[in-house]
Amino acid sequence: MKYLFLFFLSALITIPAISQPRKGYVYLKNGSILKGKFRYNEDLSKLQIESAGNLWIFKADEIDHVTTKNEPLNDEFDFMELNSPFALRTEIGVLAGNSGNSQTAPFSFSTVLNYVILPKLSVGAGFGLEFLKETYLPAFINLEYKLRNSGSTPFAFLKSGYELALEESNNIYNSGIQPLYYDYIWPNPNNVNQKLDTKGGFLINTGIGYQHMYSRDFGMSFGFGYQFNRLSYSGEKDYNLQIDYNRLTLKIGFVFN
């Protein structure tokens with residue numbers, strides 16, 4: 001009799017506590033995530049959530065799990081859903097070339113503001129500084145796909161844009177000489193003995209990386225990829241020169257949500 005009394009007393013205490021609404025995030029088994037006030041009914045068979053002015057009721061077997069804002073970040077935590085859809089990534093690194101380049105690993109800096117358009121896909125725009133033979137300002141768009149919605153995840157990226165020249169050419173091209181630090185030159189600079197004007201050129205950078213969030217607001221990343229640049233130069237008598245760079249990119253990033 002004593003145990004039966006304790007059971008009913010426990011139920012009287014527990015059921016009202018369960019039925020109290022809490023703020024948080026409801027993760028459904030179909031992949032959807034709802035933010036709002038939620039609570040279970042008395043027999044825990046259904047969950048009710050108020051989200052964006054709407055009232056939703058789900059069966060318990062439709063729920064994957066629920067979280068609150070105070071839950072620590074882990075691999076099941078959808079940090080992109082909990083924070084702003086914007087994320088700022090600032091990267092520093094090198095553009096590694098072959099041993100024949102006069103600059104085997106020039107410095108590269110970039111920053112990009114991404115916006116989440118799908119749970120794992122974001123698009124953004126950015127700019128930076130790159131020190132090839134001359135100094136350039138790359139302006140580009142960025143596509144980024146994460147393999148999972150979590151604080152730690154691999155990702156793939158694609159950047160495409162234009163290198164804006166910030167200084168004049170540092171080289172004087174002599175007749176019939178192809179500089180060793182370039183991967184490819186077209187056309188061969190015959191009968192040229194002048195300092196050319198830099199015009200900038202096209203860039204594309206693609207690769208993979210890994211990102212780890214240390215909190216909801218800050219994380220770090222490491223990226224490895226391939227970058228192609230086609231830079232243009234012009235000279236006297238309508239002379240034009242195109243130089244292609246093929247580089248491996250190694251970058252460390254800092255992520256701010």
Less than 4.5 Å apart, any side-chain heavy atom of Phe157 and any of Leu143?
no
| Test item: Leu231 and Tyr233 side chains (from C-beta on) under 4.5 Å apart, heavy atoms | yes
The side-chain contact (heavy atoms from CB on, under 4.5 Å) partners of Tyr226 (sequence neighbours excluded) come to Phe228, Asn246
### Task
Evaluate the ring planes of Tyr214 and Phe218, with Trp represented by its six-membered ring, and classify them as parallel (under 30°), tilted (30 to 60°) or perpendicular (over 60°).
parallel
Those residues at least two apart in sequence (or on a different chain) that pass side chain to side chain donor-acceptor pair (under 3.5 Å) with Asn54 are none
Audit row: Asp197, Glu168, side-chain contact (heavy atoms from CB on, under 4.5 Å) steps and yes/no: CA-CA 6 Å; Asp197 295 327; Glu168 294 299 317; 3.2 Å; yes
Here the pair of heavy atoms bringing Gly225 nearest to Asn205 is C-ND2, 4.4 Å
The complete set of salt bridge (charged side-chain N to carboxylate O under 4.0 Å, His left out) pairs with one or both residues in residues 153-162, sequence neighbours excluded, reads Glu91-Lys159
Taking side chain as C-beta onward, heavy atoms only, is Ser108 less than 4.5 Å from Lys251? yes
* Polar side chain donor-acceptor pair, Gln211 to Thr153, under 3.5 angstrom -> no
For Phe222, the ring-ring contact (aromatic ring centres under 6.0 Å, His included) test, sequence neighbours excluded, returns none
Asn257 and Ala87 have their tightest heavy-atom pair at OD1-CB, 3.2 Å
Check: Is the number of heavy atoms from other residues, nucleotides or ligands under 6.0 Å of Ile208 CD1 greater than 12?
Finding: no
Apart from Phe140 itself, members of its ILVMFWY cluster (side-chain separation under 4.5 Å) are Val112
Interatomic distance, OG@Ser152 vs CE@Met213, rounded to 0.5 Å, equals 9.5 Å
Using a 4.5 Å side-chain heavy-atom cut-off and chaining through intermediate ILVMFWY residues, the residues clustered with Leu203 come out as none
Heavy atoms, side chains only, cut-off 4.5 Å: are Arg148 and Pro154 in contact?
yes
Here the pair of heavy atoms bringing Ala165 nearest to Gly200 is CB-N, 4.1 Å
Separation between CG (Leu113) and CG (Asn142), nearest 0.5 Å, reads 10.5 Å
| said: Let's go through Lys29 and Asp64 carefully: what are the C-alpha distance in whole Å and the side-chain angles of both, what is the deciding distance for salt bridge (charged side-chain N to carboxylate O under 4.0 Å, His left out) to 0.1 Å, and is it a yes or a no? | reply: CA-CA 5 Å; Lys29 290 182 179 179; Asp64 187 292; over 6 Å; no
ask   = Would a 4.5 Å heavy-atom cut-off, applied to side chains only, mark Leu166 and Glu134 as touching?
value = no
Grouping ILVMFWY residues whenever side-chain heavy atoms fall under 4.5 Å, the cluster of Leu55 otherwise contains none
side-chain contact (heavy atoms from CB on, under 4.5 Å) filter on Leu118, not counting sequence neighbours, yields Leu121
Output for pair (Asp217 CG, Phe256 CZ), nearest 0.5 Å, gives 10.5 Å
### Task
Taking the side chain as every heavy atom from C-beta outward, state whether Leu132 and Tyr245 have any atom pair closer than 4.5 Å.
yes
CZ (Phe38) and CD1 (Ile57) are apart, to the nearest 0.5 Å, by 15.5 Å
- Any chain of hydrophobic side-chain contacts (each under 4.5 Å) joining Phe109 to Phe131? yes
Can you confirm whether more than 12 heavy atoms, excluding those of Phe127, are under 6.0 Å from its CZ atom?
no
Those residues at least two apart in sequence (or on a different chain) that pass side chain to side chain donor-acceptor pair (under 3.5 Å) with Gln227 are Glu130, Asn229
*So do the side chains of Arg247 and Pro106 get within less than 4.5 Å of each other, counting heavy atoms only?*
yes
CD (Gln242) and NZ (Lys199) are apart, to the nearest 0.5 Å, by 13.0 Å
The side chain to side chain donor-acceptor pair (under 3.5 Å) partners of Ser160 (sequence neighbours excluded) come to none
Residues passing the side-chain contact (heavy atoms from CB on, under 4.5 Å) test with Leu28, sequence neighbours excluded, are Val26, Asn30, Ser32, Phe58, Ile63
Side chain to side chain donor-acceptor pair (under 3.5 Å) filter on Ser221, not counting sequence neighbours, yields Arg89
Same apolar cluster (I L V M F W Y, side chains within < 4.5 Å links), Ile141/Phe202:
no
Separation between CD1 (Ile92) and CZ (Phe254), nearest 0.5 Å, reads 5.0 Å
Exercise. Side-chain contact, heavy-atom cut-off 4.5 Å: Leu47 with Val66?
Worked result: yes
